[in-house]
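Only one structure is covered here, and it is reproduced in the block below.
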Amino acid sequence: MAVDQLSLVFSALADPTRRAILARLAASGDATVAELTGPFAMSQPAISKHLKVLENAGLISRTRRATARLSHLEAEPLREATDWLAEYRRFWEVSHARLDELLAELQQSPTNGENDG
């Protein structure tokens with residue numbers, strides 16, 4: 001069964017190390033594996049495995065500059081994920097608006113806070 005791009009993106013984002021790598025690339029630009037390994041208590045091969053997952057998800061690309069292999073953030077796949085999540089954000093906004101309306105009605109009700117018995 002083929003895995004769709006959105007599933008690859010969410011799978012890649014499920015790991016905090018990979019999210020931190022993306023944040024690092026967004027904040028500071030392209031980086032080598034050695035530069036990306038610095039903040040983590042893990043080996044360069046372990047970071048390389050994370051980079052491979054991010055590359056397979058389309059979230060980074062890798063290029064060579066002289067002998068260095070640089071990782072570059074590719075943010076476009078995050079747009080699809082953001083669009084998907086935005087649908088649920090709208091759902092919660094509508095739900096909260098209905099709840100606000102109900103609470104306003106209850107507060108204005110003549111029996112609010114009074115005991116009917």
Side-chain angles (χ1 to χ4, degrees):
M1 182 173 134
V3 178
D4 64 291
Q5 182 70 23
L6 188 58
S7 296
L8 291 172
V9 168
F10 279 118
S11 179
L13 294 175
D15 185 275
T17 300
R18 291 192 285 267
R19 292 193 304 271
I21 289 170
L22 292 177
R24 160 59 177 84
L25 293 173
S28 303
D30 296 358
T32 64
V33 174
E35 292 168 335
L36 292 170
T37 301
F40 304 102
M42 60 180 65
S43 65
Q44 285 188 17
I47 292 295
S48 290
K49 287 181 183 177
H50 284 297
L51 294 174
K52 189 68 179 170
V53 172
L54 292 169
E55 189 174 23
N56 287 340
L59 293 168
I60 66 167
S61 60
R62 301 180 84 187
T63 59
R64 285 205 176 273
R65 185 183 318 152
T67 59
R69 190 163 189 206
L70 298 172
S71 295
H72 174 80
L73 175 66
E74 298 290 347
E76 189 59 30
L78 293 173
R79 182 187 315 269
E80 184 181 358
T82 300
D83 290 346
W84 188 85
L85 290 171
E87 292 296 320
Y88 293 94
R89 181 179 182 165
R90 282 188 280 279
F91 168 81
W92 286 112
E93 288 172 347
V94 169
S95 295
H96 289 154
R98 281 192 224 145
L99 182 59
D100 286 344
E101 290 173 13
L102 178 62
L103 289 173
E105 287 176 20
L106 290 173
Q107 288 175 344
Q108 293 178 359
S109 172
T111 60
N112 184 26
E114 297 177 14
N115 189 352
D116 291 335

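Below, each value reflects all heavy atoms present in this structure, side chains not excepted, and no hydrogens, waters or symmetry copies.
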Contact summary for [X] and [Y], nearest pair of heavy atoms:
X     : Y     : answer
Ala57 : Val9  : O-CG2, 3.7 Å
Leu51 : Arg62 : CD1-NH2, 3.6 Å
Leu25 : Ser71 : CD2-O, 3.5 Å

Check whether [X] and [Y] end up in the same hydrophobic cluster, where Ile, Leu, Val, Met, Phe, Trp and Tyr are linked by side-chain heavy atoms less than 4.5 Å apart.
X     : Y     : result
Leu13 : Leu85 : no
Leu6  : Tyr88 : yes
Leu22 : Met42 : yes

Ignoring hydrogens and angles, tell me if any N or O in the side chain of Arg24 forms a donor-acceptor pair with the backbone of Gly29 under 3.5 Å.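 Yes; judged by distance alone, with no hydrogens or angles, the pair exists.
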With distance as the sole test, does Ser95 use its side chain to make a donor-acceptor pair with the main-chain N or O of Phe91 at under 3.5 Å?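 Looks like yes, one N/O pair under 3.5 Å.
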Hey, could you give me each pair passing ring pair (Phe, Tyr, Trp, His ring centres under 6.0 Å) that has a residue in residues 32-72? Not counting sequence neighbours.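 Checked against ring pair (Phe, Tyr, Trp, His ring centres under 6.0 Å) - neighbours excluded - no pair reaches residues 32-72.
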Rounded to the nearest 0.5 Å, what's the gap from [atom1] on [X] to [atom2] on [Y]? Could you check?
X     : Y      : atom1 : atom2 : result
Arg19 : Leu59  : CZ    : CG    : 12.0 Å
Arg18 : Leu54  : CZ    : CG    : 6.5 Å
Glu55 : Ser48  : CD    : OG    : 10.5 Å
Leu78 : Asp83  : CG    : CG    : 11.0 Å
Arg98 : Leu103 : CZ    : CG    : 14.0 Å

Any salt bridge (Lys or Arg N to Asp or Glu O under 4.0 Å) pairs touching residues 70-82, not counting sequence neighbours?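 Residue pairs passing salt bridge (Lys or Arg N to Asp or Glu O under 4.0 Å), neighbours aside: Glu76-Arg79.
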Do any pairs count as a salt bridge (Lys or Arg N to Asp or Glu O under 4.0 Å) and have a residue in residues 85-97, sequence neighbours left out, and if so which ones?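 Every pair satisfying salt bridge (Lys or Arg N to Asp or Glu O under 4.0 Å) with a residue in residues 85-97: Glu87-Arg90, Arg89-Glu93.
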So do the side chains of Thr17 and Ile47 get within less than 4.5 Å of each other, counting heavy atoms only?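 Touching, per the 4.5 Å side-chain cut-off.
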Would you mind telling me which of Leu36, Thr37, Ile60 makes a side-chain contact (heavy atoms from CB on, under 4.5 Å) with Ile21?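 Single side-chain contact (heavy atoms from CB on, under 4.5 Å) partner of Ile21 among Leu36, Thr37, Ile60: Leu36.
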